[in-house]
Amino acid sequence: MGIGHNTIAFHQDKCDGCGDCMTVCAEAKSGTTDTQHSRLKIVPSVAANDSFELAMCRQCGDPKCVLNCPSGSLTKDHETGVVPWDQEKCVDCLLCTVGCAYGGITYNAAAGHVMKCDMCDGDPACVKSCPTGALEYNKSAEIYNNYGELEDLFVPGLAACQGCNSELLIRHTMRKIGSNVVVATPPGCIAGMGTVGFNGKTGSKIPVFHPLLTNTASMLAGAKRYYNRIGRDVTMVALAGDGGTVDAGFQSLSGAAERGEQMLYICVDNEGYMNTGMQRSGSTSFGSWTSTTPVGETLRGKTQDAKNMPVIMMMHNCEYVATASLAFMDDYYEKLDKATAAAERGLAYLHVYSPCPTGWRIPPESTNEVCRKAVETNFATLWEFTPDEGLRFTRPVDNPLPVEQYLNLSGKYRHLDDEQLTHIQNSVKRKVAFLNGFMLATSGSEAQMQ
Amino acid sequence: MPDTALTNEPNSIVCDGNEAAAWAVSLAKPDMVAVYPITPQSSLVEYVSQFIADGKIDADLMDVEGEHSVMSVLHGACLAGARTYTATCGPGLYYMFEPYVRTPGMRLPIVMSVVTRDGLTPQSVWGGQQDAMMLRETGWIQIYCESVQEVLDSLIMAFRIAEHRDVMLPVNICHDGNYLSYGVTKVILPEQEMVDDFLGEKDTNWHVALDPDRPMSVDPLTGGEGPGGPSTFVRYRKSHCAGMQNALRVITETHDEWERMFGRSYAPLVEEYRLDDADYAIITIGSMSGAGKDAVDVAREQGEKVGLIRIKTFRPFPMAALTSALAKVKAIGVVDRSVSFAWNCGPVYQEIQAVLYQLEERLPAISFIGGLAGADITGEHFARVIESTGKQLAGEMTEGPVWLNENE
Amino acid sequence: MEQTKYLIAGSSHAALSALNSIRLLDQEGSLTLVTKDDRLPYSPTVLPYVVSGQSKPEKVQLRDEAFFTKNNVNFISGSGLEALDADHNTVTLQNGQEWQYEKLLLATGASPTIPPVTGLADTSYHVLRTMDDAVNLNAALAGAETAVVLGGGLIGMHAAENLIKAGVQVTIVEMCPQVLPGYFDPQAAKIIEQTFVENGVIMRIGDTVVGAAQDGEGSKVSLDSGDEISADLLLVCTGVAPAISYLEGGPVETDQGILVDDRMATNIDNIWAAGDVAQALNFYSGEKSVGGILPAAVEQGRIAGMAMIDDPAINLYPGGVPLNTYEFFGNQAISVGISDENALPEGVEVSLNVNEEEMFYQKIIIGEGRLIGISGINTNFDPGIMWQLVLRRTDLAAVKDEFLRNPVDTGRDLMSRIWR
């Protein structure tokens with residue numbers, strides 16, 4: 001198979017139409033500030049006032065402009081991913097523009113030929129010029145390129161449910177971290193899907209074990225201390241659910257954090273005991289249906305907010321604390337890098353929001369969309385913390401969508417009434433306000449989220 | 001304590017049982033000691049911590065947030081290859097219970113002192129064996145000490161027993177709270193080099209490991225109805241039982257070797273005191289045995305043909321040794337420092353019933369319960385025990401249990 | 001007998017597009033590409049530029065040998081299909097080789113049609129369909145002072161422009177009342193014709209050649225109007241027709257071209273056809289017609305390749321839409337869809353914006369709120385986006401005013417919203 005390529009992503013909600021990107025593009029590519037020469041075009045949207053859309057080359061994997069070109073002047077460079085245009089060979093027939101559905105290759109009347117984006121050799125000028133972050137250089141493809149060839153450290157055919165976010169997470173995570181590890185998968189979905197195996201057969205290619213639900217961090221701490229004692233550098237990894245983290249496993253984790261035990265602790269938060277029949281946990285969100293917070297005549301789901309575990313871990317002053325969502329894989333990989341490094345100095349804690357198709361009543365194919373909407377509504381915020389740098393939002397959402405747009409995707413919220421919705425929206429705002437305040441206090445940054 | 005104390009043989013010091021245990025730990029050289037304080041164990045872990053602070057023990061000190069984590073960190077370390085030690089009792093033991101119960105299933109050769117304590121409720125911080133007796137069906141090896149010297153010697157032997165490849169089971173060395181934990185006496189310290197020779201290289205995770213060089217799944221789900229499930233589970237259970245039975249032999253061999261190297265002799269499983277010509281016997285466990293032996297001596301002087309049977313190894317249960325001892329007498333009295341609520345007797349008494357079934361002739365027996373929550377079992381108490389036990393020979397029976405401290 | 005899993009006859013846009021689709025899913029299956037040309041693949045569209053010398057034959061290759069090696073393709077050039085035995089899944093090549101295939105794509109393109117003009121067969125003339133034609137014509141330019149181009153279609157117009165730029169006096173004879181029929185309406189065609197006239201081309205529109213004869217080294221044609229024109233070069237560009245002679249007498253169903261369904265499948269199992277040779281659905285009429293335009297060949301080839309490999313992502317062929325981009329004397333003429341509302345039923349809305357002095361012309365036809373066609377000269381819209389709006393039958397009712405005023409930005413806005 002081929003390799004993946006980085007792309008320029010457009011966050012329409014952040015674009016204010018300033019046009020700096022076009023000016024910079026024209027300058028970079030044609031030496032003029034005349035935006036007629038810009039390879040990308042910001043256009044006003046007819047749909048809404050002060051709303052803008054983008055036309056630019058998507059550097060298609062199977063570009064029709066290339067197939068349409070009769071003179072061989074357009075090609076697909078499978079190394080860089082760019083569709084370069086060779087003016088030498090071009091006969092100005094414009095057939096390429098027929099092939100493009102995005103307005104990505106267009107005729108420049110002033111120049112007398114077509115023009116298109118060439119990604120500035122991997123350092124796009126437009127992205128750097130964008131003052132609002134509407135243009136983003138998305139490096140997700142590097143994940144595929146860099147890690148796609150690495151060995152999957154779990155066996156095929158783990159018995160996770162269809163659309164399981166946790167399986168995606170553990171395969172990516174261990175592929176990246178590698179095999180010089182000891183991995184703890186306490187009782188829960190990750191163990192239940194067979195990572196530790198059944199009756200003498202294993203589900204992993206690495207040292208892996210069932211700790212108790214209650215002692216994951218302690219067992220890892222003991223193993224790590226001994227490896228340190230004998231001078232062996234082995235990384236300790238916990239792949240735990242929220243029950244084993246925020247509830248029964250909390251004490252051992254808190255103790256390990258306080259002592260600065262060296263490990264990477266990943267909490268895969270699917271907001272309840274999904275493996276055992278979808279019961280409520282301390283991480284279950286307000287209003288959620290679970291099998292122990294059912295919906296009936298008098299009860300309407302959970303009546304308390306979830307324990308804010310990542311903040312609690314931040315208050316332990318861990319070496320590294322971050323939240324993540326697999327809808328933002330590049331963000332997760334960056335954090336995984338930092339967390340793995342921090343786990344050699346002390347406790348690194350990653351809290352991954354992990355929708356559960358089975359327990360949340362969402363179609364399996366929607367898992368990633370639910371992940372995404374959680375972030376876009378600020379229901380789940382993406383940030384990282386170190387004692388030195390303080391707190392920082394890694395993917396700030398400036399114009400959060402109403403939280404209903406997230407809640408509506410999951411059956412577990414189907415019964416919510418207006419009062420409950422208001423409660424959840426207010427609690428989202430309160431959590432963001434707290435993080436903003438904490439960020440100001442710890443990092444001095446005033447780049448607050450709305 | 002002079003620093004040279006460890007190197008001049010014979011080397012006697014004066015200390016209590018908790019300090020003796022700490023000296024044993026220093027001689028056994030564990031890689032990791034996990035500690036959490038609880039009365040009457042606290043001074044033990046304080047001694048160990050101080051020894052580590054002073055460099056007398058080269059071990060990782062895991063001062064964790066509770067007994068649950070105490071045992072858990074030892075699990076991790078042991079699976080990585082470490083020799084490990086801890087101590088606890090009473091409420092701490094109950095809190096540790098989840099990982100504690102798991103330890104023998106994983107066949108981890110962890111050594112732990114139980115500084116026995118009564119309770120939990122009514123609240124009590126004093127000695128009594130209710131905590132240790134609760135551990136009977138957890139699959140650990142359990143050895144009960146009589147003296148401070150025996151605490152020290154048994155604790156060192158415990159590592160060799162636990163790590164023996166025919167055994168691979170965790171060992172509890174039980175020494176009674178108050179009596180042994182705080183009782184001060186002269187103790188001889190073995191020479192370090194000889195202890196090193198005696199214990200040999202640590203050998204804790206050849207069979208199960210968390211090691212990237214030997215990747216394996218540790219403790220996958222086992223059993224269920226699927227093909228191979230029941231038989232796999234049964235295989236684990238049978239192997240565990242076999243390890244326990246092997247331990248009877250290994251404990252005996254280890255005590256023999258100890259006597260050969262260090263000159264001190266203990267009955268490894270069951271001690272018989274003035275039993276050979278006895279008509280009847282009292283049965284004891286733990287530190288009360290000293291007072292019991294004194295009482296036997298006094299009774300002998302008065303012409304009573306009484307002996308004493310001390311159970312040292314309670315798990316595995318020394319059925320053969322006890323059968324052989326009981327075959328020598330015609331009546332028995334069993335003194336417990338704890339209660340079997342359901343059987344309305346002491347737990348040792350309850351188990352002795354099973355030994356009686358092995359004998360050709362049925363023996364009369366009485367359950368005595370004393371020394372609860374730090375109460376003394378004095379010579380006077382034992383005199384009553386001996387008297388009641390002996391009267392059975394004349395057909396005068398006593399219905400148990402007899403609560404020795406009932407009127408104090 | 002040689003064997004191959006995929007056999008593709010032809011090597012131009014439809015063939016290469018199909019190859020691309022197949023290799024996306026199957027990198028291993030044996031794939032053989034056969035072509036009558038003894039060259040690496042090229043596009044007929046580029047030939048006028050070779051005639052003028054703007055492009056060199058070796059510079060306009062669509063793929064090189066490394067491509068075929070890398071993609072595990074057995075490329076056989078210089079030997080097209082001679083015969084097809086569909087009963088036995090075999091073909092015979094012009095070089096005598098027999099090949100057995102599992103799946104066959106016929107992308108053999110079209111050949112020039114030669115009008116039944118008296119004397120033409122005995123007169124030396126040029127056509128422009130192959131690279132050899134282009135090279136020959138380019139060579140003939142040396143020493144030529146005059147030329148007559150029969151046909152005011154795309155090839156003829158392109159050729160005429162390139163000839164006059166090469167210093168040759170050119171006359172175009174087109175029997176229709178306008179040039180470029182089907183792509184531009186008479187008004188737009190008039191602007192284009194005028195530009196040619198201004199650049200020195202003699203335009204004989206609405207006139208027909210009735211006779212031809214050899215005239216020394218050159219030729220002489222007589223017109224219906226009675227005029228006679230002598231020229232050093234005679235170029236016949238009166239259209240093309242699917243190249244299907246090798247199918248004669250066989251079971252593959254043909255009309256003007258090879259009849260295909262919406263997966264480019266012929267009536268015979270395991271045989272598909274795409275590109276100029278195919279007679280496929282027309283988007284507007286719902287009938288099957290031959291097209292002969294490059295983007296349609298690419299699209300048909302893509303679908304045929306996907307069908308051949310059972311790609312589940314296949315979308316059925318939505319039907320051909322007239323598409324044209326045409327550059328002439330530095331001006332751009334573009335048309336997407338229907339350009340002449342007179343061919344349409346009543347009730348369509350036509351927005352016309354013309355400034356002949358500025359050489360500006362733009363016509364948008366909207367029916368039932370949907371875009372039916374957009375064409376223009378020196379206008380600025382994205383034909384790829386317009387094609388999508390037509391195919392998707394995008395409802396423009398909410399944005400119609402903006403669209404008519406500024407089809408570029410509105411089109412980009414709509415597409416950005418769809419694809420974001």
Side-chain angles (χ1 to χ4, degrees), chain A residues 153-155 178-185 187 191-192 194-230 232-236 248-259 261 263, chain B residues 30-32 34 36 58-84 95-96 98-102 106 110 204-205 208-224 226-233 235-236:
Chain A
L153 295 176
F154 294 100
V155 299
S179 59
N180 188 29
V181 291
V182 168
V183 176
T185 67
T195 50
V196 191
F198 301 99
N199 287 321
K201 296 193 172 67
T202 182
S204 312
K205 306 173 190 170
I206 41 182
V208 63
F209 67 105
H210 279 133
L212 300 165
L213 186 60
T214 45
N215 71 357
T216 304
S218 297
M219 284 189 73
L220 288 176
K224 179 64 177 179
R225 290 275 194 112
Y226 182 66
Y227 278 118
N228 285 348
R229 177 177 171 84
I230 61 174
R232 276 183 63 186
D233 185 18
V234 179
T235 301
M236 301 295 132
F250 179 70
Q251 175 174 316
S252 73
L253 174 58
S254 175
E258 181 265 332
R259 295 190 304 274
E261 304 288 358
M263 71 183 70
Chain B
D31 298 291
M32 179 179 289
Y36 190 86
D58 172 24
D60 256 310
L61 177 66
M62 293 290 279
D63 44 351
V64 298
E65 81 291 342
E67 288 85 353
H68 194 284
S69 281
V70 162
M71 188 51 65
S72 301
V73 296
L74 299 191
H75 283 183
C78 192
L79 287 164
R83 177 178 284 173
T84 56
Y95 181 47
M96 181 192 282
E98 189 191 19
Y100 176 90
V101 171
R102 191 186 201 200
M106 288 200 288
I110 292 170
T204 69
N205 73 339
V208 56
L210 289 172
D211 183 346
D213 291 345
R214 286 188 287 151
M216 67 174 80
S217 280
V218 173
D219 208 4
L221 277 184
T222 302
S231 61
T232 307
F233 199 88
R235 204 158 58 241
Y236 275 104

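Only this structure's heavy atoms are used, side chains among them; waters, hydrogens and symmetry mates stay out. Letters A, B, ... mirror the listed sequences (proteins, then strands); counts begin at 1. Small disclaimer: the values here were computed from a predicted structure and weren't measured.
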Quick check on [X] against chain B: is it the side chain, the backbone, both or neither that has a heavy atom closer than 4.5 Å?
X	result
E258(A)	neither
V234(A)	side chain
K224(A)	neither
S179(A)	backbone
Y227(A)	side chain
T216(A)	neither
L220(A)	neither
R225(A)	both

Can you confirm whether [X] sits close enough to [Y] that some side-chain heavy atom of one is under 4.5 Å from a side-chain heavy atom of the other?
X	Y	value
N215(A)	E98(B)	no
S217(B)	V196(A)	yes
H210(A)	L221(B)	yes
M219(A)	L79(B)	yes

Proximal component of M32(B), with respect to chain A [non-hydrogen, under 4.5 Å]: side chain
Heavy-atom proximity to chain A below 4.5 Å, by part of R214(B): neither
Stepwise side chain to side chain donor-acceptor pair (under 3.5 Å) test for S254(A) and E65(B): CA-CA 9 Å; S254(A) 175; E65(B) 81 291 342; over 6 Å; no
Taking every heavy-atom pair that is under 4.5 Å apart, which of [options] has the most such pairs with chain B?
options	answer
N228(A), N180(A), V181(A), L212(A)	L212(A)
N199(A), V182(A), I230(A), T185(A)	N199(A)
P211(A), G194(A), A221(A)	P211(A)

For D31(B), side chain to side chain donor-acceptor pair (under 3.5 Å) partners two or more places apart: R229(A), K202(B)
Closest approach of [X] and [Y], non-hydrogen atoms and distance?
X	Y	result
F198(A)	P220(B)	N-CB, 4.0 Å
S218(A)	S72(B)	CB-CB, 3.4 Å
D213(B)	R232(A)	OD2-NH2, 3.3 Å
H68(B)	T214(A)	CE1-OG1, 2.8 Å

Between [options], which has the largest tally of heavy atom pairs under 4.5 Å with chain A?
options	value
A59(B), G81(B), P99(B)	G81(B)
D58(B), V70(B), T232(B), L210(B)	L210(B)
G224(B), G223(B), A209(B), G66(B)	G223(B)

Counterpart residues, ring pair (Phe, Tyr, Trp, His ring centres under 6.0 Å), relative to H75(B) (two or more places apart): none
Atom pair OG (S69(B)) and CD (E261(A)), whose distance is rounded to the nearest 0.5 Å: 9.5 Å
